[in-house]
Visitor: 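Questions regarding the structure given below will be posed in turn.
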Amino acid sequence: MLDLKRLRTEPETVAELLKKKGHDFDVAAFSALEEKRKALQVDTESLQNERNTKSRNIGNAKAAGEDIAPLLAEVDDLKATLQKKEVELDVIVGELETILHGVPNIPDERVPEGADEESNQEIRTWGKPRSFDFEAKDHIELGEARGGLDFETAVKITGSRFVVMQGEVAKLHRALVQFMLDVHTTEHGYTEVNVPNMVNAESAFGTGQLPKFADDLFELKDDRGFYLIPTAEVPVTNIVRDEIVEADALPMKFACHSPCFRSEAGSYGKDTRGMIRQHQFEKVELVQLVKPEQSKQAHEDLTHHAEVILQKLELPYRVVILCGGDLGFSAELTYDIEVWVPGQDTFREISSCSNFGDFQARRMQARWRNPNTGKPELIHTVNGSGLAVGRTLIAVLENYQNADGSVTVPLALQPYMGGASTILFP
RNA sequence: GGAGAGGUGGCCGAGUGGUUGAAGGCGCGCCCCUGCUAAGGGCGUAUAGGUUAACUCUUAUCGAGGGUUCGAAUCCCUCCCUCUCCGCCA
C-alpha cells in the first residue's frame, strides 16, 4: 500500500512512476473522489462536533437539575442529518480504499523498462553449464524411468500438477531442505521458524496477495475464510503485523521451510509437464524485517545467501533484475536467480528476491520505535526463496545425471544422504 | 464439543451511560535535588485522520462489526481471541 499522503499531494508523479509497472493510475478519478471525501469529511466532523457539544450540554443541564426538553428538541433532526452524511462518507472512503488497495508499489529507479520477462536484465552469471558426452535427459524421463517421480499416480490421488516422489528421490528432496536450512541458520544468521500453512485474510492482505490476487490462492471452503499459503512469506512476514518493535529487535531474519500452494490460475498450458510448475511445492523462504535504511543492503545480502546454496551445490546460474512489467505487485526491486536446466537447455527461475520497502509494512501496520524521533515508523520487508526445493531437485537430477541413468550426489549433500555418492532410482 | 471467566494505552491495571483519550502504577524522555554506583521530586509520554503557513481547533479509536441513546469503554446482539475445568484427539 502506498502512502495516502503522497498519493494526495503528488498524484501525477506517482502515476508517472507507476507507468513503468504497466499500471494505469487514474488521477482524475482519484482526485474527484478525494474532493468529495474532503468536503464530506469536513461536513460530517462539524456535525459530530455539534452533537458532542450539545450532548455534553444536556449532560450538564441534567446534572444541574434543569429541564432538558428544549435541548433535546435542538438535537432532534441532527441525528438523522449526521447519519446520512456518515453513510455517504463511508461509501466514498470505501471507494478510495478499493483504489488504494489495488495500486502496486512504485518500482525502484534501477528497475529497467519493459513489458515482460524479455526485458529482464542479466546482471551476473556463475558457473558453466556442463557439456554432456551423452544425450542428457530431462527430470521427467530420469524420474519416471523407475518410479522416483510418479506423475501418473499423483493424477489419480489428486490431479494434474502434483507429483509423488519415492525412494532416493524423496530422500534427496528432504536432504535439500535440511541442507538449505542448515546453511542459512549456521552461516547466514537466520532463525529457523515453523509457521501455520494456512492464513487468515488479514495476513494475506498484509503481504499483498489480497484483495487483487485471490484467484491465485486456494481458499478453504469453511466459514473461517482461511487460505493455504502460496509461500511462507505470508505467515512469516505477518509475524510483525500490528506490532511496534523496539529498535534493537531489528533486523529480524527468518528462514522457513514450508509447502506452498498455488492455484496457478492463468498458467494453463505453461510447463504442464514435469514438476516445474506445481499446485504444491516446497520452499525454504528467507525473510528479513529491517529498519528502512537497511533494506537495500539486506536485499543484496539475502540474494547472495540464496546464491550460496547454488554455489555449494555447484549448479550454474544467473541473476536477472526484473523489468517493470515483470515485477510483482508489492515489490520495488526483484532479483530472480535462474538455475541451468539441461533438459530444457535454458535457465529457469529458482528464487525470487525482493525488496518491498514499506509497502507490505504499511498494509500490516508493522512498525518499529525510532529512538531518534520516539515515534513508531514503518519497517521495511525483504524476502526471497533460498531456494525452491522442487526446482532445485530438478536441477540436481538433470545437472548431475550419468549416462547409465544414475545421479551423482553433490558433495555438499552427501552428509545428508548417509554418505552416498550416487543414487539410483528405485 | 460442554461449563465458566475475561479482552482497556509500550506494559500492568482502575473504570457499568454524561468534560474519561481514559485514574493509578511500571517503563521511557527531559529537568531539579542529592555528590556517589541508593533514593527523592517536577514535567512530559497513544495511534490514525481532517483543518491551518503555523499555533490552534477538530474527528475517530477501550478485541471486531452492528444496534439502543441527545450522549456508549460502560447497555443489547453477532463474531473473533485468551484463560480455567470437563470431554475428545495426533
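Lettering follows sequence order; numbering is per chain, from 1. This one's a predicted model, so the numbers in the text were calculated from it and none came from an experiment.
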Visitor: Please give, in whole Å, the distance from B:A48 P to A:Glu377 CD?
Guide: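 Interatomic distance, CD of A:Glu377 to P of B:A48: 10 Å.
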Visitor: Please list, in numerical order, the residues of residues 192-214 of chain A that have a heavy atom closer than 4.0 Å to any atom of RNA chain B.
Guide: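 The answer is none.
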Visitor: Between the side chains of A:Asp182 and A:Tyr416, is a donor N or O closer than 3.5 angstrom to an acceptor N or O?
Guide: yes
Visitor: Using the rule given for side-chain hydrogen bond (donor to acceptor under 3.5 Å, both in side chains), can you reason through A:Glu307 versus A:Tyr317, listing the C-alpha separation, both sets of side-chain angles and the distance that settles it, and then say yes or no?
Guide: CA-CA 8 Å; A:Glu307 287 177 57; A:Tyr317 67 87; 2.6 Å; yes
Visitor: Between A:Leu78 (CG) and B:C70 (P), how many Å, whole number?
Guide: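 So the CG-P distance, A:Leu78 to B:C70, works out to 11 Å.
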Visitor: Taking the P atom in each of B:U8 and B:A64, what is the distance between them to the nearest angstrom?
Guide: 10 Å
Visitor: For atom C1', what is the distance between B:G9 and B:C86, given to the nearest Å?
Guide: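 B:G9 and B:C86 have their C1' atoms separated by 37 Å.
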Visitor: Could you tell me how far apart A:Asn60 (CG) and B:U20 (P) are, to the nearest whole angstrom?
Guide: 11 Å
Visitor: Under 3.5 Å, is there a donor-acceptor pair linking the side chains of A:Gln288 and A:Tyr190?
Guide: yes
Visitor: Using atom P of each nucleotide, how far apart are B:A5 and B:U19 to the nearest Å?
Guide: 29 Å
Visitor: For A:Glu10, enumerate each residue passing the side chain to side chain donor-acceptor pair (under 3.5 Å) test, keeping only those at least two apart in sequence or located in another chain.
Guide: A:Arg6
Visitor: How far, in whole Å, is B:C80 from B:C31 if one measures between their C1' atoms?
Guide: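 Taking atom C1' in both B:C31 and B:C80, they lie 46 Å apart.
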Visitor: Do any side-chain nitrogens or oxygens of A:Lys5 fall under 4.0 Å of OP1 or OP2 in B:A48?
Guide: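 False: A:Lys5 side-chain N/O out of range (4.0 Å or more) of B:A48 OP1/OP2.
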Visitor: If you assign each of A:Asp3 and A:Asp90 to its closest nucleotide in RNA chain B, which residue comes earlier from the 5' end?
Guide: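 Residue closer to the 5' terminus by nearest nucleotide: A:Asp3.
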Visitor: So which one's nearest nucleotide on RNA chain B is more toward 5', A:Phe226 or A:Leu72?
Guide: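 Its nucleotide being nearer the 5' end, the pick is A:Leu72.
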Visitor: Grab the N/O contacts between the protein and nucleotides 57-60 of chain B below 3.5 Å, and write none if there aren't any.
Guide:
| residue | atom | partner | partner atom | Å |
| --- | --- | --- | --- | --- |
| B:U58 | O3' | A:Asn49 | OD1 | 3.4 |
| B:U59 | OP1 | A:Asn49 | OD1 | 3.1 |
| B:U59 | OP1 | A:Asn52 | ND2 | 3.2 |
| B:U59 | O3' | A:Gln48 | OE1 | 3.3 |
| B:U59 | O2' | A:Gln48 | OE1 | 2.8 |
| B:A60 | OP1 | A:Arg51 | NH2 | 2.9 |

Visitor: Just need the stems in RNA chain B: three or more back-to-back Watson-Crick or G-U pairs, each with both distances under 3.5 angstrom, sorted by first number.
Guide: B:1-7 with B:80-86, B:10-12 with B:24-26, B:27-32 with B:40-45, B:46-50 with B:57-61, B:63-67 with B:75-79
Visitor: With rounding to whole Å, what would you report as the distance between B:C81 and B:G27 at their P atoms?
Guide: 35 Å
Visitor: Given atom CG of A:Asp242 and atom P of B:G63, what is their separation to the nearest angstrom?
Guide: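 These atoms are roughly 15 Å apart.
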Visitor: State, without any angle test, whether A:Asn52 and A:Ser55 hold a side-chain donor-acceptor pair at a distance under 3.5 Å.
Guide: no
Visitor: Tell me yes or no: between the side chains of A:Ser203 and A:Arg241, is some donor less than 3.5 Å from an acceptor?
Guide: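 Their side chains do contain a donor-acceptor pair, which is all the 3.5 Å distance test asks for.
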Visitor: Among B:G18, B:U47, B:U69, which nucleotide sits nearest the side chain of A:Lys79?
Guide: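 Given the options B:G18, B:U47, B:U69, the side chain of A:Lys79 is closest to B:U69.
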Visitor: Can you run down the ring pair (Phe, Tyr, Trp, His ring centres under 6.0 Å) pairs that involve residues 144-168 of chain A, sequence neighbours left out, and say none if there aren't any?
Guide: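 Every pair satisfying ring pair (Phe, Tyr, Trp, His ring centres under 6.0 Å) with a residue in residues 144-168 of chain A: A:Phe162-A:His279.
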Visitor: Are the charged groups of A:Lys253 and A:Glu192 less than 4.0 angstrom apart, N to O?
Guide: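 Salt bridge between A:Lys253 and A:Glu192, a charged N being under 4.0 Å from a carboxylate O: no.
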Visitor: Distance check: side-chain N/O of A:Lys54 vs OP1/OP2 of B:C70, anything under 4.0 Å?
Guide: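 Checking B:C70 against A:Lys54, no side-chain N or O comes under 4.0 Å of OP1 or OP2.
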Visitor: Taking B:G42 as the reference, what is the distance to B:G24 when you measure between their P atoms (whole Å, please)?
Guide: 12 Å
Visitor: B:A39 and B:U45: how far apart are their C1' atoms, nearest whole angstrom?
Guide: 23 Å
Visitor: So that I can tick it off, tell me whether A:Lys19 and A:Asp24 are bridged by a salt bridge, with the cut-off set at under 4.0 angstrom between side-chain N and carboxylate O.
Guide: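 No salt bridge links A:Asp24 with A:Lys19.
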Visitor: Check every strand shown and say whether A:Arg367 touches a base, only sugar-phosphate, or nothing at a heavy-atom separation below 4.0 Å.
Guide: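 Sugar-phosphate: the residue A:Arg367, judged by heavy atoms under 4.0 Å, touches backbone atoms but no base.
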Visitor: Return the value, rounded to whole Å, for the distance between atom CZ of A:Arg369 and atom C1' of B:U47.
Guide: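 Taking CZ of A:Arg369 and C1' of B:U47, I get 10 Å after rounding.
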Visitor: Restricting to ring-ring contact (aromatic ring centres under 6.0 Å, His included), what partner residues turn up for A:His257, sequence neighbours left out?
Guide: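 Per chain and number, A:His257 pairs via ring-ring contact (aromatic ring centres under 6.0 Å, His included) with no residue.
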Visitor: Assert yes or no for the condition that the ring centre distance of A:Phe329 to A:Phe359 is strictly below 6.0 Å.
Guide: yes
Visitor: For A:Leu89 and B:G49, give me the distance from atom CG to atom C1', rounded to whole Å.
Guide: 11 Å
Visitor: Heavy atoms only, 4.0 Å cut-off, all strands: where does A:Lys38 land among base, sugar-phosphate and nothing?
Guide: sugar-phosphate
Visitor: Would you verify whether the NZ or CZ of A:Arg262 falls within 45 degrees of the ring axis of A:Phe218 while also being under 6.0 Å from that six-membered ring's centre?
Guide: no
Visitor: Check the distance between B:G10's P and A:Trp368's CH2 and give it to me in whole angstrom.
Guide: 17 Å
Visitor: Separation of A:Arg241 atom CZ from B:U47 atom C1', in whole Å?
Guide: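 Those two atoms, CZ and C1', are 17 Å apart.
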Visitor: Begin from the C-alpha positions of A:His299 and A:Cys353 and carry the test side-chain contact (heavy atoms from CB on, under 4.5 Å) through to its verdict.
Guide: CA-CA 7 Å; A:His299 181 216; A:Cys353 303; 4.2 Å; yes
Visitor: Take atom P in B:G66 and the same atom in B:C11, then report the distance between them in whole Å.
Guide: 25 Å
